[in-house]
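Since the structure comes first, as C-alpha cells, the remarks are kept for the end.
Computed from a predicted model, the values in this text were never measured in an experiment. Every chain is numbered from 1 and lettered A, B, ... according to where its sequence line falls, protein lines coming before strand lines.
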2 protein chains.
Amino acid sequence: MSAEATAPGTSKVLVPTMADAVVQRLRALIVSGEFRPGERLVEERLSEMFGVSRPPLREALRILQRDGLVQSLPRRGFIVIPITADDVREIYSLRFALERMAVELGMPVLDPNRLQPMRDALEDMRVAAEEMNDEAAVEANSRFHAALVSLPGHKRLIDTYEGLRLQLELCMGYNLKFREQMFGDRKDMHPRHAQLLESIETGDKEAVLYEIAHHGNASLLENLDDLIGTGG
Amino acid sequence: MSAEATAPGTSKVLVPTMADAVVQRLRALIVSGEFRPGERLVEERLSEMFGVSRPPLREALRILQRDGLVQSLPRRGFIVIPITADDVREIYSLRFALERMAVELGMPVLDPNRLQPMRDALEDMRVAAEEMNDEAAVEANSRFHAALVSLPGHKRLIDTYEGLRLQLELCMGYNLKFREQMFGDRKDMHPRHAQLLESIETGDKEAVLYEIAHHGNASLLENLDDLIGTGG
DNA sequence: CTTTTGACTACTGTATACAATTTTCTGAGA
DNA sequence: TCTCAGAAAATTGTATACAGTAGTCAAAAG
C-alpha cells in the first residue's frame with residue numbers, strides 16, 4: 001500500500017515526494033526494531049538523518065500515524081507506538097475477522113487466475129522452509145495472507161489489513177522471542193497453507209473458515225504476557 | 001476519535017493545535033456536503049479560509065486522509081474522496097464484519113453498566129422518531145452502533161469503525177436521496193434497535209448476530225446504482 | 001532535608017519564502 | 001475546426017526562520 005494514491009487513468013511517471021521516501025525509510029527502521037517502541041522521534045534529528053527539512057518529515061510521520069506505527073503526543077512530538085500484549089491480541093482478533101470476511105465475500109473464486117499470487121507465495125514458502133530461511137518465510141507468509149485478503153477486491157479491507165500487517169512486523173522486529181514464537185510451528189507452516197489454498201480452490205468455504213479460525217498461534221497468544229508484558 | 005492521542009494518566013489542559021482545529025472545521029464541511037466528493041481542495045484557498053498557514057493545513061489534510069475523507073494525488077493536491085456505489089457496498093460489508101466481531105468478542109456483557117450508552121442512544125432514538133427529527137435520529141443511530149462496537153474495548157476495532165461512520169456521514173451529507181433511503185425504514189428504526197439491545201441484555205448471541213446480519217438497508221443496497229452511480 | 005518556584009533548554013507548532021512541477025491558456029499549423 | 005507545441009499561470013513540495021510550550025535542573029524557602 002502506497003501512502004499516496006495514483007490518479008486513475010493516468011499512467012504518468014510519478015515523481016516520488018520527499019515525504020514518501022522518508023515514509024519508506026522510516027517505516028523500515030521502525031519495523032526492523034531500529035527504533036524501539038516508545039522511543040521518541042525527535043524531528044530535527046530525523047530530518048538531519050534523512051537529509052530533508054522538517055515539514056516533509058512531519059508529513060511522513062502523519063502518514064505513519066495513519067498506518068498505526070507511530071503515535072502523536074500533542075506538544076510532545078511523536079513516539080514509536082508501544083505495543084502491549086493486549087495490542088497483539090487486538091491485532092490477531094481483528095486479523096481473523098478480516099480474513100473471515102475476505103473468505104465469505106471472495107469465495108467461490110470464479111477466475112482461477114486470481115489465485116496465482118497465493119500459489120506463488122505458497123511456493124516461496126516451501127522453498128524458504130526447505131532452506132530454513134526464516135526471513136523469506138516471514139515474507140512469503142505475509143504475502144500469502146495479503147493475497148487471501150485481496151480476493152474480494154475490497155479496497156478498505158485490504159488497507160485495514162495492511163495496517164495490521166505492519167504492526168505485526170513491528171512486533172517481530174523489536175522482539176526476537178516474539179518472532180521465534182510466531183514460527184514455533186515452522187515445520188507445519190507450508191503444509192497448513194497448502195491445505196488452506198486447496199480448500200479455497202475446491203470451494204470448500206466451511207473448511208477454509210475452520211482453518212483460518214484455528215490457524216495456529218494459539219501458543220503464541222498464550223505466552224504473550226511473558227513475551228511482551230501486560231498492556232496498560 | 002481525536003486526531004491526537006492524549007497521554008494516559010495525564011489530565012493536563014491540552015492546548016489545541018491549529019491543525020486539530022482545522023481538522024474539525026474541514027471535516028464538518030466535508031461530511032455536510034459543503035465540499036462535494038471529487039472536489040479539489042486547494043491549499044492556499046483553504047489556508048486563507050481558515051486563517052492558518054499552509055503547513056498546519058497540510059497536516060490537517062493528512063489526518064483527514066487517515067480518516068478516509070480526502071485523497072492525496074501526488075503533485076496534484078488533495079480531493080474530497082469520491083464515493084461510488086461500490087464504495088458504499090464496501091463500507092456496509094466491512095461495517096457488518098466489524099459489528100459481528102464486536103458481538104462475538106463483547107458478549108456476554110458482564111458489567112450491565114457498559115450497556116448504558118446503548119440504552120441512552122436508544123432512548124434518544126425513540127424521542128427522535130416521535131418528533132420526526134431525522135437529524136437527531138441519525139445521530140442517535142450512529143451513537144447506538146458506536147456503543148455496540150465499543151463493547152469489547154477493542155481500540156483498533158473502534159477506530160476502524162469510526163472511519164466508516166464518517167464516510168457514511170459524507171454519503172448522507174452530499175446525497176439527499178441517499179439519506180432518504182437510509183431512513184426508508186424510519187418507523188422500524190426504534191423497535192428494531194430495541195429488540196437488538198434486548199437480545200444483547202439477555203445474552204442471546206445467536207439472535208444478535210442474526211439481527212445485525214439482517215439489519216435493514218437491503219433496499220438501500222439494491223438501489224445504490226441509481227442513487228450514486230456505479231463505481232469505477 | 002524536602003518542597004516549591006524560577007529560569008533555562010530543547011523541542012514542537014507555525015509562518016513566510018522559494019523552487020519545482022503540473023495545468024491551462026494561447027497560437028500556429030494541418 | 002482540430003491538434004499539437006510552447007509559454008505563462010497556478011499550485012504543490014520544500015526549506016528556513018521564528019514563536020511558544022513543555023520538560024529539566026538549580027536555587028531558595030520552609
**Request:** Answer with base, sugar-phosphate or nothing: what part of the nucleic acid does A:L61 contact at a heavy-atom distance below 4.0 Å?
**Result:** nothing

Under the side chain to side chain contact (heavy atoms under 4.5 Å, CB included) rule, collect the residues that match up with [X], sequence neighbours excluded.
X: B:N113; answer: B:D111
X: A:E44; answer: none
X: A:V42; answer: A:R45

Are any protein N/O atoms closer than 3.5 Å to N/O atoms in nucleotides 5-8 of chain D? If there are, list each pair with its distance.
none

**Request:** Go through D:dT14, C:dT23, C:dT14 for me and flag the one nearest to the A:A19 side chain.
**Result:** D:dT14

**Asked** Nearest to the side chain of B:R76, which nucleotide is it out of D:dT21, D:dT11, C:dT23?
**Response**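 The answer is C:dT23, which lies nearest to the side chain.
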
With [X], which residues qualify under salt bridge (Lys or Arg N to Asp or Glu O under 4.0 Å), at least two apart?
X: A:E39; result: none
X: B:R119; result: B:E201
X: A:R156; result: B:D87, B:E90
X: A:R165; result: A:E162, A:E169

**Item:** Selection residues 142-151 of chain B - residue pairs positive for salt bridge (Lys or Arg N to Asp or Glu O under 4.0 Å), sequence neighbours left out
**Value:**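 Salt bridge (Lys or Arg N to Asp or Glu O under 4.0 Å) check on residues 142-151 of chain B returns B:D124-B:R143, B:E139-B:R143.
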
**Request:** For residues 134-170 of chain B, pull every pair meeting ring-ring contact (aromatic ring centres under 6.0 Å, His included), keeping only residues two or more places apart or in separate chains.
**Result:** B:F144-B:H193, B:H145-B:H193, B:H145-B:H215

**Message:** Distance to the ring centre below 6.0 angstrom and angle to the axis at most 45 degrees; does that hold for A:R95 and A:Y92?
**Reply:** yes

**Message:** Over the length of the helix from C:dC1-D:dG30 to C:dA30-D:dT1, how much do the five-pair end axes diverge, rounded to 10 degrees?
**Reply:** 20°

**Request:** Output the residues of residues 45-58 of chain A in contact with DNA chain C, where contact means a heavy atom of the residue under 4.0 Å from an atom of the strand; sort by number or write none.
**Result:** A:R45, A:R54, A:R58

**Whichever of A:R40 and B:G77 has its nearest DNA chain D nucleotide further upstream toward 5'** = B:G77

